[in-house]
Student: 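Quick one: the structure is below, questions incoming.
Values in this document were obtained by computation on a predicted structure and should not be read as measured data.
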There are 4 protein chains.
Amino acid sequence: MRKLDPVKHEKKRQEILGAAMRCFLRSGLKGASTAEICAEAGISPGHLYHYFDTRDAIVAALIEGRLEKVTEQLKAGIQGARSIVETLAPELEGQPGGAAAMALIFDMMAESKRNPEMGKIVNSHNRGIREILVEMLRYGQSRGEVEAKLDLEVAATTIMALMHGAKVVAMQNPKEAGKAMPVLRQLLVHLLMTPMESAGAEPPRAKKTVARARS
Amino acid sequence: MRKLDPVKHEKKRQEILGAAMRCFLRSGLKGASTAEICAEAGISPGHLYHYFDTRDAIVAALIEGRLEKVTEQLKAGIQGARSIVETLAPELEGQPGGAAAMALIFDMMAESKRNPEMGKIVNSHNRGIREILVEMLRYGQSRGEVEAKLDLEVAATTIMALMHGAKVVAMQNPKEAGKAMPVLRQLLVHLLMTPMESAGAEPPRAKKTVARARS
Amino acid sequence: MRKLDPVKHEKKRQEILGAAMRCFLRSGLKGASTAEICAEAGISPGHLYHYFDTRDAIVAALIEGRLEKVTEQLKAGIQGARSIVETLAPELEGQPGGAAAMALIFDMMAESKRNPEMGKIVNSHNRGIREILVEMLRYGQSRGEVEAKLDLEVAATTIMALMHGAKVVAMQNPKEAGKAMPVLRQLLVHLLMTPMESAGAEPPRAKKTVARARS
Amino acid sequence: MRKLDPVKHEKKRQEILGAAMRCFLRSGLKGASTAEICAEAGISPGHLYHYFDTRDAIVAALIEGRLEKVTEQLKAGIQGARSIVETLAPELEGQPGGAAAMALIFDMMAESKRNPEMGKIVNSHNRGIREILVEMLRYGQSRGEVEAKLDLEVAATTIMALMHGAKVVAMQNPKEAGKAMPVLRQLLVHLLMTPMESAGAEPPRAKKTVARARS
DNA sequence: CATGAATGAGTATTCATTCAT
DNA sequence: TATGAATGAATACTCATTCAT
């Protein structure tokens, strides 16, 4: 008798989160008020707090959810045995939600720099994504898809930069960005595959080698 | 809004803009209130409206100023007869203002997607920057620094993606990003030197070089 | 509000009242919310209204209960055949609950001035207490413990003033108040023993002195 | 040009405080909302915060003001060369504002137990009042109006208890309280003047006396 | 040019209470 | 008997902006 229906509760929670997402897409992370969210969700202002302690809790849940989704997609890509480039290609293109979704992502990034609570969430997920990328690259190395001597950590960071950069230009100018995507893809290929001329001589600390990064 | 002494007026205006910038860096584009700005600028709330019709006008002026600065820097670089890579290198690295400055840039980008007024400003400047880049690349071609067959518009867009991507990772994880910057630089070199149409072709210039990263 | 098992119902009611009292002591009469009370009582917000029609009903019940307790204590004192001074002495000292309990009493007194419903309750109990005191004094007269000519109604009011005054100083400054209590007790003795009509007369019983207090 | 008219500012501030006091008298310290206060003062909700940082700041200012008034009255009394009893007599009677004013005083006392900020204010003023009383009593001793051996600190505390007790009964039952006031006055006289029988032998620590107080 | 008084809609959040289950 | 979903008015407080001086 304690919890009559935790399933229903969670369902409503997700419903509200959906409404909140629509509001944030429409009005921005700071621009959407609790009133707007309640109206969108079709609930009373007080009722919102039955599901979330705080407006920030909604934002946090949303960021977390979004990042989890990205993580899952990457993970799914890695397990799908497709080539790394094919797996990452969609990330180099626009988001499904379009410009608004990307604007929201930038809102979130900016917010995570100012609100330490969200900074933690975002940072932890960034780390998670980089780990996935590293794993993906390592697997790529074992298949010969990725240059063996590549410093995977640094490569992962670089890939993230490519992904984010692609998103920015996609947001600002989708048309031009579309044309640039194949180029970005070629840069990605180049990053993964660069043939090393100084191949013969690899000293333990790899003097003339490529993509050597040290933590 | 009448100005008796236009010089002094403009000076004060810039002073206020400086104060506003400090506030925006501190509290975000939406987070800084006019009250905060007035306090920082040492003026009364009413007086603010002698210099700006609206809070948004401050934001617009600030965005405009910031973009003009970037444009000028690029222009200065092009005229300094340095190589393209050298000119663009600083853009691949962190901003002077640090993470806060980058967070603010993302605030601005997000805002420009939602506020059409600012969208216009940002778009026009984006176009300006791309034109500068194109010009820069064309000049590079004439010097043999840039592959002749490169589609300059597309290359410019790609460069902008690299620049933005670098900023994002620099904001989120300055340490790792520092290591990735040389790699991004190598990708830039590759972009300029490679005939991108011939997919993944053999780059004759990628000799001792590519993607060597070292902290 | 229907009660199937009146005994159990009343038991639960008292349980809730206890929880409410703890909340009121902690957060004040206005400061404690129904939510806080429900949490403390371990029941759901809706369930509270099976036992009380209104938040005010809880307050009323609590005031009533508290006053009944005081009344009973006084009655018990009177029947215990102890001297009046001994019976009243504890009332001149601090409350068991300490400062919080006294603060709550003052909350209640203030509330009773503004909420007529509670005013009635408090007034009726005040009258009850005065009657008890009068009865007590009359019995004291019959034993020669109380001056025969004393106006008992007035004396009872005065005693109530002493009791309340003691509580105030005990709440505000328990340390100093502790030293003043014996003095108040002497004033009580003086009140009972002196024919008050003869203004400032020579008190034959004030032998070994009054009001000598030491810091 | 800095401050156009600090006098006007202070005047308005006092005006608002007056309105707030009326609200607190009407609805209680916790019961009066900022909206109610603004309406009573005839200002907009936002404007209130031009004069006070916080609702609590209003309460604090009000408590402080009220206590200062009491302090001044006592001081005026002491300097007016009237007898102590005459000076204190009005304090034993009802407040000018009637029951509501007293209810508010009890609200304040209760609040000062829960809000440390106000606790400080109230405590400091309580100390101030006790010091005035002590001074008053010392002066009385020099005039022979007060028994020489009286412990002035303890006597002051006792007097405060009488004053507060008088207020409580005045609030709860003004009619009966009116009759009791002369008795309280006699108790006060008794407290101040009690002739010590064990007068000859005053050991430093007052052995055989009565009203020996010890914590 | 400059002040600060003034506004009123808007902010997130809390509240006592009701109701379907 | 008991739950927790749901309400909507109320809470203290902030905001960009206007205006008389």
Side-chain angles (χ1 to χ4, degrees), chain A residues 1-6 8-9 12-13 30-38 42-58, chain B residues 1-5 8-9 12 30-38 42-58, chain C residues 1-5 8-9 12 30-38 42-58, chain D residues 1-6 8-9 12-13 30-38 42-58:
Chain A
M1 237 189 229
R2 250 330 43 155
K3 276 240 158 44
L4 252 93
D5 201 343
K8 233 166 139 186
H9 182 92
K12 188 86 189 176
R13 216 184 110 101
K30 291 234 169 184
S33 68
T34 53
E36 188 185 340
I37 294 170
C38 288
I43 61 174
S44 65
H47 199 33
L48 184 66
Y49 292 83
H50 208 72
Y51 296 94
F52 300 94
D53 282 346
T54 281
R55 202 197 95 116
D56 273 10
I58 300 176
Chain B
M1 286 299 281
R2 291 286 133 73
K3 30 191 161 172
L4 296 176
D5 181 341
K8 252 170 99 181
H9 182 89
K12 188 82 189 174
K30 292 238 167 183
S33 67
T34 53
E36 187 185 341
I37 294 170
C38 289
I43 61 172
S44 64
H47 199 35
L48 184 68
Y49 290 82
H50 278 267
Y51 296 95
F52 300 94
D53 281 342
T54 281
R55 201 196 98 114
D56 271 8
I58 301 176
Chain C
M1 287 297 280
R2 290 287 132 72
K3 29 193 162 172
L4 294 178
D5 181 341
K8 251 169 102 180
H9 182 90
K12 189 82 188 174
K30 292 239 169 184
S33 68
T34 52
E36 187 185 341
I37 294 170
C38 287
I43 61 172
S44 64
H47 200 35
L48 185 67
Y49 290 82
H50 278 267
Y51 296 96
F52 300 93
D53 281 342
T54 282
R55 201 196 99 115
D56 272 8
I58 301 176
Chain D
M1 238 191 230
R2 227 51 269 238
K3 273 241 161 39
L4 253 93
D5 200 343
K8 232 166 136 186
H9 182 92
K12 188 86 190 176
R13 216 183 111 101
K30 291 236 167 181
S33 68
T34 53
E36 188 186 341
I37 294 171
C38 288
I43 61 173
S44 64
H47 199 32
L48 184 67
Y49 292 84
H50 208 71
Y51 296 94
F52 299 95
D53 282 345
T54 280
R55 202 197 94 117
D56 272 11
I58 301 176

Student: Any chance you could list the contact pattern along nucleotides 10-16 of chain F? Use B for base contacts, S for sugar-phosphate-only contacts and - for none, protein heavy atoms under 4.0 Å, 5' to 3'.
Tutor: -SBBB-B
Student: Can you tell me how far P of E/dT14 sits from CZ of A/F52, to the nearest Å?
Tutor: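 One finds 15 Å between P of E/dT14 and CZ of A/F52, rounded.
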Student: Enter the distance from D/K8:NZ to D/K12:NZ here, rounded to the nearest 0.5 Å.
Tutor: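 Answer for the NZ-NZ pair, D/K8 versus D/K12, is 9.5 Å.
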Student: Rounded off to whole Å, could you give me the CG-to-P distance for the A/D5 and E/dA20 pair?
Tutor: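 Atom-to-atom, A/D5 to E/dA20, this comes out as 18 Å.
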Student: Which heavy atom of B/H9 sits nearest to which heavy atom of B/H50, and what is that distance?
Tutor: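 Reported closest heavy-atom pair: CE1-O, 3.6 Å.
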Student: Using whole Å, what does the distance between atom C1' of nucleotide E/dA6 and atom NE2 of D/H9 come to?
Tutor: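 In whole Å, E/dA6 C1' lies 13 Å from D/H9 NE2.
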Student: For DNA chain E, what are the stems built from at least three Watson-Crick or G-U pairs in a row, each pair having both distances below 3.5 Å?
Tutor: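 Runs of three or more consecutive pairs: E:2-21 with F:2-21.
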Student: Ignoring hydrogens, what is the shortest heavy-atom contact between B/K30 and B/R55? Give both atom names and the distance.
Tutor: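 The pair with the smallest heavy-atom distance is CA-NH2, 3.8 Å.
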Student: NZ of D/K8 versus C1' of F/dT21: gap in Å, rounded?
Tutor: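 Answer to the nearest Å: 8 Å.
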Student: Specify the closest pair of heavy atoms between C/P45 and C/C38, including all atoms of both residues, with the distance to one decimal.
Tutor: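 Where C/P45 meets C/C38 most closely, the heavy atoms are CA-SG, 3.5 Å.
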Student: Checking side-chain contact (heavy atoms from CB on, under 4.5 Å) between A/D56 and each of A/D53, A/I58, A/T54, which is the one that passes?
Tutor: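 The single option meeting the side-chain contact (heavy atoms from CB on, under 4.5 Å) with A/D56 is A/T54.
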Student: To the nearest 0.5 Å, tell me how far C/F52 CZ sits from C/I37 CD1.
Tutor: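 So the CZ of C/F52 and the CD1 of C/I37 are separated by 9.0 Å.
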Student: Under 4.0 Å: is that the gap between some side-chain N or O of A/Y51 and OP1 or OP2 of F/dG4?
Tutor: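 No.
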Student: Parallel, tilted or perpendicular: which fits the ring planes of D/Y51 and D/H47, with parallel below 30° and perpendicular above 60°?
Tutor: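 Ring orientation, 0 to 90° scale: perpendicular.
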Student: Nearest whole angstrom, please: distance from the P of F/dT3 to the NZ of C/K12.
Tutor: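 C/K12 atom NZ is separated from F/dT3 atom P by 7 Å.
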Student: Base, sugar-phosphate or nothing for D/L48? Non-hydrogen atoms, less than 4.0 Å.
Tutor: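 No contact.
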Student: How many Å lie between CD1 on D/I43 and P on F/dT18, as a whole number?
Tutor: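 Value for this atom pair: 21 Å.
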